[in-house]
Amino acid sequence: MTAPSRSSKSQRTETEDAGPDGVAARAGSPGAGLTRRLGSAQEVWIGLVLVALLVVFSLLEPDSFATSFNLLNLVADAAILLLLAVGMTYVIITSGIDLSVGGLLVFSGVTATKVMEATGATSTGSLLLGVVVAMLTGLVWGVLNGALVAYGRIPPLIVTLGTLGMSLGGALLLTGGVDMRAPGRLNLGLGLDKFVGVPVIVWISVAVTLVLGVILAQCRFGRHTYAIGSNSKAARNSGVLVNKHLVKVYALAGLLAGLAGYLSLAKYGVTGVSAHSTDNLQAIAAVVIGGTSLFGGAGTVTGTVIGVFIPAVLQNGFQILGVKPFWQQVVVGAVLIAAVYLDQWRRKARDN
Amino acid sequence: MTGPLLEAKGIEKSYGHVDALRGADFTLMEGEVVSLIGDNGAGKSTLVKILSGVESPDAGQILIDGDPVRFESVEQARVAGIETVHQDLALCADLTPAANFFLGREVLRPGLLGRLGFLDHAAMRTRARQECERLGVRLKSDTVSVSTLSGGQRQGVAVARAVTWARRVVFMDEPTAALGVVQTERVLDLIRSVRDSGVAVVLITHNMQDVKAVSDRIEVLRLGRRVARFSGADVSMEELVGAMTGALEQDPAGSDSNGLDDPDRPGTAEPRASGRDLDAPDTGALESLDEEQNR
């Protein structure tokens, strides 16, 4: 889909006729070739930025930054956000947005905790029931988002802003505003478990990300996701069931938020009712930094992975360097604007 | 030739207070090119949307091979063998030509991977390229997105896609609107070769030259009704324009007695143009237009 054009030279010689459009195409193709290369290179560029950050921090603080302990911590911190960002990638590729993910995460964590408490909270069965409940809760909210967007024809920004408020408020109602503690066995078990030296939470996040990355790039589900974001009318006219697909995409984002809610319980041990109100913005920033277009139709999970790690590495590196952590917010904001500017510029060049 | 392949009777459609179609009729025979013409707002695009399943009519009947059908979706029209090249919303610009070609009917890998929904990229690319080449649409590369193609190439891809999948009818809504002279000629050739392969074509266009160049028959819509029908070879530009603007009315089915909602309709229809119908398309050939046919 985003494979680079081989060379603008061959494009020029093969461009079809001598008609007015042929001329226009010929005049346009060097520029088009250039923008194609830049477009497909956005992940590469942003990947290079990430590598550069890693190298710089490693050189500056080799003894504290470039240690497996620190890097594992960094990855573990990013793992839960990664799940939200992967779901967000699908949503944004359909030219939608999901502001509700943080709320769904908290709400799912709360329902899962309630159910686990009610079922004893010590047995494996109870903990497994917890993950099922968390994911189901997220799924239901996601289906609600999708149905309102697809069939209610309400802009996704409004729908998910509404469900963000509903889910965060609902979580506060369920808990009475006091954070609930996760079952000890979950917090000390899954929260600390490692496999080959890497936290199990990271493995789960990596596995989910891989599967969804492959589906987006290689499967019909992904193809339809791009098609809807690129031109939903054309997709509908081509026989893509646009509304059903949109519901599935928002449901997927909700499902991932539910899973993230459970993993967050395991990792932090509390439901964190007031700690997730900016998760949506972090996830959106990661997706957009990773080269996914807010206008839909373009983006990759690979880009999103990089987009998640740039803010994470900055934060971690600044902390170690002793730079005020506030700088991280400033720098991430600037990177975000730069990424969107690049996307706009690319689209403008393309559409001419 | 037996009865019509596709027939629409008394189609009505309103959007809010706007009556786009007010009892429109349309007839299409097997293997012919019919141009559907009319001034802006005559209801051409609406009629095509209804006949291709994009919208449903408020009233009226659609018959295929004489049997009434109801298209609830594009999918159902496709199953009936009807494809459409839409005016401006034909392709997904971010996808490759092959992806657009197979959008909604993706080829999956054989075996387990296919059942998991994995796409067979290579097969789709090869097939799309073959079909495009067969129809004379040359693509510089099949790995770049449609957004990098010229207007002519995009239209070529859209037309090739519709033609490949259509078994009975292709609707083409302004297929030459964005094209230069050479590409327009290509599309017209394409229309002829589609007809020769046995698929009927309905051409919607403002370009009277195109209409006269390829049409076997011409149907004229005005203010949401069919007002005239002509055989393609022997119609003059004046007659077409007259029918489109209302200076000339012909089709009795389209002018059902009450002219209340249509104040600027003239009271008398031109008698000269009447009396041509589907069963005798060649009668009344007043002018010899051999050069039009040969084009």
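Numbers restart at 1 for each chain; the letters A, B, ... are given by sequence-line order, proteins then strands.
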For B:L103 and A:A235, which heavy atoms make the closest approach, and how far apart are they? CD2-CA, 4.0 Å
Can you measure from CZ (A:R236) to NE2 (B:H86) and round to the nearest 0.5 angstrom? 11.5 Å
Heavy-atom count around A:Y341 OH within 6.0 Å, excluding the residue itself: above 12? no
Using a cut-off of under 4.5 Å for heavy-atom pairs, which of B:C92, B:G104, B:S52, B:A162 has the most such pairs with chain A? B:C92
What are the two closest heavy atoms between B:A99 and A:R223, and how far apart are they? CB-NH1, 3.3 Å
Mind checking what makes ring-ring contact (aromatic ring centres under 6.0 Å, His included) contact with B:F171, not counting sequence neighbours? none
Quick one: what part of B:L116 sits under 4.5 Å from any heavy atom of chain A, side chain, backbone, both or neither? backbone
Option in B:F102, B:W165, B:F118 with maximal non-hydrogen atom pairs under 4.5 Å from chain A: B:F118
B:R78 versus A:S238: any side-chain heavy-atom pair under 4.5 Å? yes
When heavy-atom pairs shorter than 4.5 Å are enumerated against chain A, which of B:E106, B:R109, B:E75 gives the highest number? B:E106
Distance check, rounded to the nearest 0.5 Å: A:H224 atom NE2 versus B:L95 atom CG? 9.5 Å
Indicate the atoms forming the closest heavy-atom contact of A:N237 with B:V74, along with that distance. O-CG1, 3.1 Å
Who passes side-chain hydrogen bond (donor to acceptor under 3.5 Å, both in side chains) against B:N207, sequence neighbours left out? none
With heavy-atom distances below 4.5 Å as the criterion, would you say the side chains of A:R220 and B:L119 are in contact? yes
Write down the atom of A:S230, the atom of B:A93, and the distance for their closest heavy-atom approach. OG-N, 3.2 Å
For A:G296 and B:D94, which heavy atoms make the closest approach, and how far apart are they? O-OD2, 4.1 Å
